[in-house]
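As the structure is a prediction and not an experimental result, all values here were calculated from the model. Each chain gets a letter, A, B and so on, in the order the sequences are listed, and its residues count up from 1.
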Amino acid sequence: MADAFRQKFDPAIWQVVTQISPGSVLSYGQVAALAGFPRHARMVSKAMGRSPEALPWHRVVSANNRLAFDQGSESYIEQASLLKQEGITFKDGRLQVQDQTESDRESLDRMLWGPLKD
DNA sequence: CCCTTGACTATCT
DNA sequence: GAGATAGCCAAGG
């Protein structure tokens with residue numbers, strides 16, 4: 001079937017997105033990679049849309065620290081609104097997030113793959 | 001099987 | 001920084 005891929009991909013994506021802590025964000029590519037599917041950034045959005053549970057989808061943004069939607073669109077406004085509620089501000093369409101993304105990524109690494117040895 | 005479509009990204013002008 | 005270009009890859013026509 002065509003969903004052979006989804007069956008593994010979707011849950012993995014949801015798992016990662018759910019773990020993003022409030023006030024921080026991850027890029028589509030990072031989510032895909034953390035889920036174990038490098039180079040599947042474009043599939044992330046579709047997987048989120050197929051989630052049966054409500055996900056903090058607004059915490060997933062483009063790699064350039066901008067929202068993936070066109071400014072002014074319904075979705076853009078909604079996502080921006082949700083992010084602002086979490087304390088994230090915007091600088092001329094640019095997402096102003098202090099490298100909280102990094103610490104977030106590290107905690108995800110430990111959570112999903114356990115402590116790493118040096 | 002070929003072609004088009006994306007809530008993508010990296011790189012080069 | 002804005003465009004253009006080229007990879008990327010599953011899905012759907």
TODO: Quote, to the nearest angstrom, the C1' distance that separates dG6(B) from dG7(C).
DONE: 14 Å
TODO: Rounded to the nearest angstrom, tell me the gap between atom CZ in Arg66(A) and atom P in dA2(C).
DONE: 6 Å
Open item on the list: In this structure, how many angstroms lie between the C1' atom of dC9(C) and the NE2 atom of His40(A), rounded?
Closed with: 6 Å
- [ ] Measure the distance from CG on Asn64(A) to P on dA2(C) and round it to the nearest whole Å.
- [x] 10 Å
- [ ] Give, for atom CZ of Arg50(A) and atom CD1 of Ile13(A), the distance between the pair rounded to the nearest 0.5 Å.
- [x] 9.5 Å
TODO: Would you give the length of the straight line joining atom OG of Ser27(A) to atom CZ of Arg59(A), rounded to the nearest 0.5 angstrom?
DONE: 15.5 Å
TODO: For the side chain of Phe5(A), starting at C-beta, report the closest nucleotide among dA10(C), dA7(B), dT9(B).
DONE: dA10(C)
Task: Arg42(A) CZ - dA11(C) C1' separation (whole Å) - done: 12 Å
Open item on the list: Whether the side chain of Arg39(A) and the base of dC8(C) hold a donor-acceptor pair under 3.5 Å is what I'd like checked.
Closed with: no
Task: Least distance between heavy atoms, Leu82(A) atom then Trp57(A) atom - done: CD1-CZ2, 3.8 Å
Open item on the list: Expressed as a whole number of angstroms, how long is the span from Ile13(A):CD1 to dC9(C):C1'?
Closed with: 13 Å
Open item on the list: Between dT5(B) and dC8(C), how far apart are the two C1' atoms, rounded to whole Å?
Closed with: 13 Å
- [ ] Could you please name the option among dG6(B), dA7(B), dG12(C) that lies closest to any side-chain atom of Arg6(A)?
- [x] dG12(C)
Open item on the list: From CE of Met43(A) over to C1' of dG7(C), roughly how many Å is that when rounded to an integer?
Closed with: 13 Å
Open item on the list: Looking at every heavy atom in both Tyr76(A) and Asp70(A), which two are closest together, and how far apart are they?
Closed with: CB-O, 3.2 Å
Task: Whole-angstrom distance between dC1(B) and dG12(C), as gauged at atom C1' - done: 14 Å
Open item on the list: Using whole Å, what does the distance between atom P of nucleotide dC9(C) and atom CG of Asp3(A) come to?
Closed with: 20 Å
Task: Protein-nucleotide distance (Asp10(A), atom CG; dA10(C), atom C1'), rounded to Å - done: 11 Å
Task: Least distance between heavy atoms, Ala41(A) atom then Tyr28(A) atom - done: O-CB, 3.7 Å
TODO: Measure from the side chain of Ser27(A), starting at C-beta and using heavy atoms only, and say which of dT9(B), dC8(B), dA7(B) lies closest.
DONE: dT9(B)
Open item on the list: Nearest to the Ala63(A) side chain among dC9(C), dG12(C), dA10(B), which nucleotide is it?
Closed with: dA10(B)
